[in-house]
Amino acid sequence: MTDPNFKITTSRLTISYLDPANPLHCSFLVSLWSTPEFLSMLDGRPNTITTPAAAKALIENRFLAEHARNGYGTYLISLSDSNTPIGTVSLLRVPSLLAPDIGFALLSEHMRKGYAVEAAQALISYADRELGTTAVFGFCDERNQASMATMRKLGMKWEGTRKLKAFVDKDTAVWSRGMDDVGDWGL
Ligand SMILES: CC(C)(COP(=O)(O)OP(=O)(O)OC[C@H]1O[C@@H](n2cnc3c(N)ncnc32)[C@H](O)[C@@H]1OP(=O)(O)O)[C@@H](O)C(=O)NCCC(=O)NCCS
């Protein structure tokens, strides 16, 4: 089990672990997985996180396992003043790539307030400081304007759209930070 007291704080946000035993976290994930923006990211694949039980299993079997294996993974973003869950921010290890992948998702009503940038900046700084991460990738669909703008705002470097072996040759918009030549980074 990951440290229940772990927190990264920013001026407005608290970043913490998702807890499978917390019903609020499980029902929040069901809501997050059902926003129109999240569903469009699934690109036609069925949404499997439609019940609190499925969310609980996702936290237990995937998120906690990733944290245990890699020392980082998917985190909950909450508003610090009310403790309300509003989104997730993640740093994910992609097999074969030498740097992890930064990602984010927010509930629709909390979008366009600068929260994704604030949370991702804080997670990247934490990873640099505490985990010794020197580089990160950001992958998304080039048609996802919100994600593209968030990567840009984070100061990531645009590397173009590429067919990535790690994503079964799917066209993927690639952003990078902290690497000179992405060709050497396992793409
Ligand atoms: C991508 C996402 C996390 C952005 O969250 P957010 O908190 O609204 O982003 P921010 O408020 O921090 O804004 C970051 C930048 O994106 C821009 N932006 C946000 N939503 C946008 C949209 N729908 N269209 C165009 N630009 C958008 C903002 O204007 C800002 O850029 P700017 O300051 O240069 O104008 C959110 O749209 C989301 O959850 N989408 C669904 C999940 C997803 O696609 N995740 C990406 C996978 S990597």
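For ligands, and for the atoms within them, numbers begin at 1 and follow the listed sequence.
Which of Ala146, Ala120, Pro36, Ala173 comes nearest to atom 20 (N) of ligand 1 through a heavy atom is settled by distance: it is Ala146. Considering only non-hydrogen atoms, atom 22 (C) of ligand 1 lies nearest to Arg112 out of Arg112, Met41, Gln145, Met111. Selection from Ala116, Ala149, Gly103 by nearest heavy atom to atom 9 (O) of ligand 1 gives Ala116.
Ring pair Trp185/Phe137 is perpendicular by interplanar angle, where above 60° counts as perpendicular and below 30° as parallel. The aromatic rings of Tyr17 and His67 stand perpendicular to each other, their planes meeting at an angle above 60°, with 30° marking the opposite boundary.
Contact annotation for atom 4 (C) of ligand 1: protein present (non-hydrogen atoms, distance under 4.0 Å).
A heavy-atom distance below 4.5 Å is found between the side chains of Leu107 and Phe28. Side-chain contact between Tyr75 and Thr88 is absent, with no heavy-atom pair separated by less than 4.5 Å. Side-chain contact check for Leu79 versus Arg12: every heavy-atom pair is 4.5 Å or farther apart. Taking 4.5 Å as the limit, some side-chain heavy atom of Ile86 sits within range of a side-chain heavy atom of Leu13.
Thr9 and Thr14 are not linked by any side-chain donor-acceptor pair at a separation below 3.5 angstrom, with hydrogens and angles left out of the test.
Contacts with ligand 1 closer than 4.0 Å are made by no heavy atom of Thr35, backbone or side chain.
With ligand atoms numbered from 1 in the order given, ligand 1 contributes 11 (O) to contacts under 4.0 Å with heavy atoms of Lys113. Each of the following atoms of ligand 1 lies closer than 4.0 Å to a heavy atom of Phe139: 48 (S). Near Lys153, meaning under 4.0 Å from one of its heavy atoms, ligand 1 places the atoms 32 (P), 33 (O), 34 (O). For ligand 1 and Glu37, the ligand atoms under 4.0 Å from any heavy atom of the residue are 40 (N), 41 (C).
Residue pairs meeting the salt bridge (Lys or Arg N to Asp or Glu O under 4.0 Å) criterion with at least one partner in residues 79-93, sequence neighbours excluded, are absent. Sorted by first and then second residue, the pairs that involve residues 163-173 and meet salt bridge (Lys or Arg N to Asp or Glu O under 4.0 Å), not counting sequence neighbours, are Lys163-Asp171.
Annotation: Phe104 places an N or O atom under 3.5 Å from an N or O atom of ligand 1; distance criterion only. Residue Gly114 has at least one nitrogen or oxygen atom sitting less than 3.5 Å from a nitrogen or oxygen atom of ligand 1, judged on distance alone. For ligand 1, the polar-atom distance check finds no N/O of Phe38 at less than 3.5 Å from any of the ligand's N/O atoms. Taking distance alone, with nitrogen or oxygen atoms compared against 3.5 Å, Ser147 stays at or beyond that limit from ligand 1.
Considering only non-hydrogen protein atoms, atom 44 (O) of ligand 1 sits nearest to Asn144 ND2, 2.7 Å. Distance from atom 39 (O) of ligand 1 to its nearest protein heavy atom, with residue and atom name: Leu106 N, 2.8 Å. Atom 14 (C) of ligand 1 has as its closest protein heavy atom Thr150 OG1, 3.4 Å.
No donor-acceptor distance shorter than 3.5 angstrom exists from the side chain of His25 to the backbone of Leu18, with no hydrogens or angles considered.
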